[in-house]
Amino acid sequence: MEDDWSNFLEPYDQAVNELKLKLRTLRGQFKKSGNRSPIEYVTGRVKPIPSILEKMKRRQIKPKRLSQDMEDIAGVRIMCQFVEDIYRVVELLRKRKDMQVIEERDYIKTPKESGYRSYHLVVTYPVQLLEREQQLKVEIQIRTLAMNFWATIEHSLNYKYQGCIPSEVAMRLEKSAEIAFALDQEMSSIREEVNEAQRLFEDKHTSLG
């Protein structure tokens, strides 16, 4: 079974690595052109086998339907400085020819009950194997740094309480989500000043280098 999982997950690992490289290259192209990149940094992962099995059981996904019914076996996360950058990245991904957006979920305009905010895309991405091409589903999450900080804390608490966070903690977590989003909105209000300050900082260090 270990060999079966290795063979099954290998194309997903390839997809994550290729997408991370392409998105980081895109970020570099913005920098080289003298334009500010809406992408701060990119991470990715292939879902661990125990998490896949747990989700299969919870959602009653049959093994032969795994590739079709589980959209986040391969996951890529894009971090942005500003909320406006998120929507710019979404537009960039919609226009790409090397993937096709098949689903979008805007948890920024419509946050989850917990307070979770992020923008999710599900794309199909072609992986070139030795003798064939395989179309895989990949979930791309696009967040601000504040959203990601909050989501990381929520994930840890869900793990600690096995998905049943005490009501008092859940209320404080929801309140903290609003505070984090207020920070994002405040940063957006001074976006031009922040961008100018960062440009001056980068120009200075480039000249020193």
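Within the 4.5 Å cutoff, no side-chain heavy atoms of Glu40 are placed close to those of Cys80. No side-chain heavy atom of Glu54 sits less than 4.5 Å from a side-chain heavy atom of Arg59. Residues Val83 and Phe181 are in side-chain contact: their nearest non-hydrogen atoms beyond the backbone lie under 4.5 Å apart. Between Val138 and Leu19, the closest side-chain pair of non-hydrogen atoms falls below 4.5 Å. The shortest side-chain heavy-atom distance between Asp85 and Arg36 falls under the 4.5 Å cut-off.
Cluster annotation: Val46 and Leu53 are assigned to the same hydrophobic cluster (Ile/Leu/Val/Met/Phe/Trp/Tyr, side-chain heavy-atom contacts under 4.5 Å, transitive). In the hydrophobic cluster analysis, where Ile, Leu, Val, Met, Phe, Trp and Tyr join through side-chain heavy atoms closer than 4.5 angstrom, Met187 is grouped apart from Met79. Hydrophobic clustering (ILVMFWY, side-chain heavy atoms < 4.5 Å, transitive): Val122 and Ile73 are in distinct clusters. Note on Leu183 and Leu145: separate hydrophobic clusters, where clusters join Ile, Leu, Val, Met, Phe, Trp and Tyr whose side-chain heavy atoms are under 4.5 Å apart, directly or indirectly. Under a hydrophobic clustering in which Ile, Leu, Val, Met, Phe, Trp and Tyr are joined whenever their side-chain heavy atoms come within less than 4.5 Å, directly or via other members, Ile102 and Ile140 fall into different clusters.
The aromatic rings of Tyr107 and Tyr116 stand perpendicular to each other, their planes meeting at an angle above 60°, with 30° marking the opposite boundary.
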Stepwise side chain to side chain contact (heavy atoms under 4.5 Å, CB included) check, Val76 with Thr43: CA-CA 6 Å; Val76 173; Thr43 63; over 6 Å; no

From CA spacing to verdict: side chain to side chain contact (heavy atoms under 4.5 Å, CB included), Glu133, Val127: CA-CA 6 Å; Glu133 178 182 279; Val127 172; over 6 Å; no

Side chain to side chain contact (heavy atoms under 4.5 Å, CB included) between Phe149 and Thr144, intermediate numbers included: CA-CA 9 Å; Phe149 171 73; Thr144 64; over 6 Å; no

Glu18/Tyr125 under side-chain hydrogen bond (donor to acceptor under 3.5 Å, both in side chains): CA gap, chis, key distance, verdict: CA-CA 10 Å; Glu18 289 181 9; Tyr125 179 77; 2.5 Å; yes

Steps toward side chain to side chain contact (heavy atoms under 4.5 Å, CB included) verdict (Ile52, Leu9): CA-CA 11 Å; Ile52 294 175; Leu9 294 176; 3.9 Å; yes

Less than 3.5 Å apart, which donor and acceptor atoms pair up between the side chains of residues 154-173 and the rest of the protein, not counting sequence neighbours?
| unit_1 | atom_1 | unit_2 | atom_2 | d |
| --- | --- | --- | --- | --- |
| Glu154 | OE2 | Ser114 | OG | 3.0 |
| Ser156 | OG | Thr152 | O | 3.1 |
| Asn158 | ND2 | Glu154 | O | 3.4 |

Would you mind writing out the side-chain donor-acceptor pairs for residues 64-71 within the sub-3.5 Å range, not counting sequence neighbours?
| unit_1 | atom_1 | unit_2 | atom_2 | d |
| --- | --- | --- | --- | --- |
| Arg65 | NE | Asp69 | OD2 | 3.3 |
| Arg65 | NH2 | Asp69 | OD1 | 2.9 |
| Ser67 | OG | Tyr12 | OH | 3.3 |

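Side-chain contact of Glu104 with Tyr119: a donor-acceptor pair under 3.5 Å is present, judged by distance alone. Using modelled atom types and a 3.5 Å distance limit, the side chains of Arg143 and Gln141 yield a donor-acceptor pair. Neither side chain, Tyr87 nor Lys109, offers a donor N or O lying under 3.5 Å from an acceptor on the other. Neither side chain, Gln14 nor Glu10, offers a donor N or O lying under 3.5 Å from an acceptor on the other.
The environment of Arg58 atom CZ is dense: over 12 non-hydrogen atoms of other residues, nucleotides or ligands sit within 6.0 angstrom. Phe30 CZ: more than 12 foreign heavy atoms inside a 6.0 Å radius.
The two residues Ser188 and Glu84 make their nearest non-hydrogen contact at OG-OE1, 2.8 Å. Heavy atoms only, all atoms of each residue included: Leu92 and Pro38 are closest at CD1-CG, 4.2 Å. In terms of heavy atoms, Ile108 sits closest to Pro111 at O-CD, 3.8 Å. Heavy atoms only, all atoms of each residue included: Ser118 and Ile142 are closest at OG-O, 3.4 Å. The two residues Arg24 and Val42 have their closest heavy-atom pair at NH2-O, 2.8 Å. The shortest non-hydrogen separation linking Gln134 to Pro11 is OE1-CG, 3.7 Å.
Arg105 has a carboxylate O that lies under 4.0 Å from a charged side-chain N of Glu103, or vice versa, which qualifies the two as a salt bridge. Here Arg94 pairs with Glu91 in a salt bridge; the nearest charged N to carboxylate O distance falls below 4.0 Å. Between Lys112 and Glu174 there is no salt bridge, since no side-chain N of the basic residue sits under 4.0 Å from a carboxylate O of the acidic one. Using a cut-off of 4.0 Å between Lys/Arg side-chain N and Asp/Glu carboxylate O, Asp72 and Lys55 are scored as salt-bridged.
For the pair Ser51 (side chain) and Lys47 (backbone), a donor-acceptor distance under 3.5 Å is absent. Put simply, the side chain of Arg27 gets close to the backbone of Ile39: a donor and an acceptor are under 3.5 Å apart. When atom types are taken as modelled, the side chain of Asn17 and the backbone of Asp13 share a donor-acceptor pair closer than 3.5 angstrom.
Taken from CD in Glu139 to CG in Leu121, the straight-line distance is 9.0 Å, to the nearest 0.5 Å.
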